[in-house]
Amino acid sequence: PMKKAVSIRAVIPNVITIIALSLGLTAIKFTLEQNFYYAVICVVLAAVLDAADGRIARLIKGTSKFGAELDSLADFVNFGVAPALIVYIWELNTYGNIGWLVTLIFIICCCLRLARFNVLSESPKSPLLDNFFTGVPSPAGAGILLLPVIVSLSHFSYLLNKMENLSLCVMLFSSFLMVSKIPTYAFKKFKITKPLVLLVMIISVVLFGFLVNYTFETLFVIGLLYLCLIPVSFFHYKAIKKKHSLKTRSDESLFSEDVL
């Protein structure tokens, strides 16, 4: 009997996900060699591919249940295991059992975050949620976690001399953000008006130039900007929720309730 062929549209996003997973595993390899420069670069590239695979899948209509599950498994390695091991081998191993315990907390929180995302993605939700995640997504959580390492690799490394136990606190803070229900921007449905298209293109070129020439300094600034956006997204969501409630006169939460 003829076997059913698989559309190339369904294969391309999965190939991108596999490449991202390979980058995450390579980051672990560089970490074991204590080459934190390339380890962080691999995680950043994996995050870029993670942002691209889903959008490409939707663009070419190549989404699939298999791809969604594969993406979650890759995210657990790329943004849970890999960054946690980077920070642990970079500094947290000096804290003994406490350092390893905090590392485990981050990895488990990342796993819980991804499991909750999978459940919520299958639940019907208000269109108002399209621009918001529940909690910080795992790539952003990994980025926040890696900020101390990024600072150490930049010209801002002198800042670390004034902060004790920074990596320990940042790992706990990032773990909390991932499993929290704080609404954060998803950047999926934002539209750019025509007058701003040229400006966005110019900013993209400038950003690319800074990333090439001042990689870790630029990543540090991007991380700080994202942290500043978290309270902005919270109050923005509250305003939208209030406006929605006034129209529908409903007290029902826009977030799907689950065990977390």
Side-chain angles (χ1 to χ4, degrees), residues 4-31 38-86 107 109-123 125 127 129-146 174 177-178 184-192 200-201 204 207-208 211-212 215 218-219 222-223 226 229 233:
K4 186 178 179 181
V6 178
S7 173
I8 188 67
R9 292 181 302 179
V11 175
I12 292 176
N14 294 334
V15 170
I16 296 175
T17 303
I18 291 297
I19 295 174
L21 177 59
S22 300
L23 285 168
L25 294 171
T26 305
I28 295 175
K29 171 187 176 296
F30 282 128
T31 301
Y38 287 110
V40 173
I41 292 295
C42 284
V43 173
V44 171
L45 292 177
V48 172
L49 293 181
D50 178 69
D53 61 3
R55 287 166 174 78
I56 291 175
R58 289 187 291 271
L59 182 65
I60 65 177
K61 297 181 180 179
T63 56
S64 65
K65 180 67 175 177
F66 175 82
E69 295 299 329
L70 178 64
D71 186 68
S72 291
L73 293 172
D75 286 353
F76 176 65
V77 175
N78 296 343
F79 312 120
V81 178
L85 288 180
I86 290 174
I107 296 174
C109 285
C110 180
C111 182
L112 294 174
R113 167 72 180 88
L114 292 168
R116 184 175 65 183
F117 176 79
N118 290 343
V119 172
L120 292 179
S121 63
E122 296 176 356
S123 306
K125 59 181 180 180
L129 277 177
D130 285 345
N131 278 333
F132 296 94
F133 285 127
T134 304
V136 168
S138 55
I144 294 172
L145 172 64
L146 290 175
S174 180
L177 288 177
M178 285 194 294
T184 57
Y185 286 127
F187 301 107
K188 290 182 178 180
K189 298 292 182 179
F190 285 103
K191 295 182 180 180
I192 302 172
V200 171
M201 293 174 65
S204 299
L207 179 61
F208 178 77
L211 281 171
V212 171
T215 303
T218 306
L219 290 175
I222 292 174
Y226 182 81
L229 278 178
S233 64

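To the nearest 0.5 Å, atom CG of residue Leu45 and atom OG of residue Ser22 are 12.5 Å apart. To the nearest 0.5 Å, atom CG of residue Leu177 and atom CG of residue Leu145 are 11.5 Å apart. Distance CD1/Ile18 to CG/Asp71: 10.5 Å, rounded to 0.5 Å.
Side-chain atoms of Arg116 come within 3.5 Å of backbone atoms of Thr134 as a donor-acceptor pair (strictly under, hydrogens ignored).
In this structure, Val40 and Ile86 approach most closely via the heavy-atom pair N-CD1, 4.4 Å. In terms of heavy-atom proximity, Pro137 sits nearest to Thr184 at CD-OG1, 3.9 Å. Across Ser233 and Phe132, no two heavy atoms sit closer than the pair O-CE2, 3.5 Å. For the pair Cys42 and Leu23, the tightest heavy-atom approach, listed with the atom from each and the gap, is CB-O, 3.4 Å.
Listed by chain and number, the residues in a side-chain contact (heavy atoms from CB on, under 4.5 Å) with Cys110 are Leu114, Ser138, Met178 (sequence neighbours excluded). Residues passing the side-chain contact (heavy atoms from CB on, under 4.5 Å) test with Ser72, sequence neighbours excluded: Asn118. For Thr17, the side-chain hydrogen bond (donor to acceptor under 3.5 Å, both in side chains) partners are Asp53, not counting sequence neighbours. Looking at residues two or more places apart in sequence or on another chain, you find no side-chain hydrogen bond (donor to acceptor under 3.5 Å, both in side chains) involving Asp75. Residues satisfying the side-chain contact (heavy atoms from CB on, under 4.5 Å) test with Val81, not counting sequence neighbours, are Ile28, Phe76, Leu85, Ile107. With sequence neighbours excluded, the residues forming a side-chain contact (heavy atoms from CB on, under 4.5 Å) with Phe208 are Val212, listed by chain and number.
Aromatic rings from Phe133 and Tyr185 are positioned such that their centres are separated by 6.0 Å or more.
The closest side-chain heavy-atom distance from Tyr38 to Thr26 is not below 4.5 Å. The shortest distance between side-chain heavy atoms of Val43 and Asn78 does not fall below 4.5 Å. When side chains are defined from C-beta on, Ile41 does not count as touching Phe30, because their heavy atoms never get closer than 4.5 Å.
A side-chain contact (heavy atoms from CB on, under 4.5 Å) with Ile144 holds for exactly one of Pro83, Ser174, Pro139; it is Ser174.
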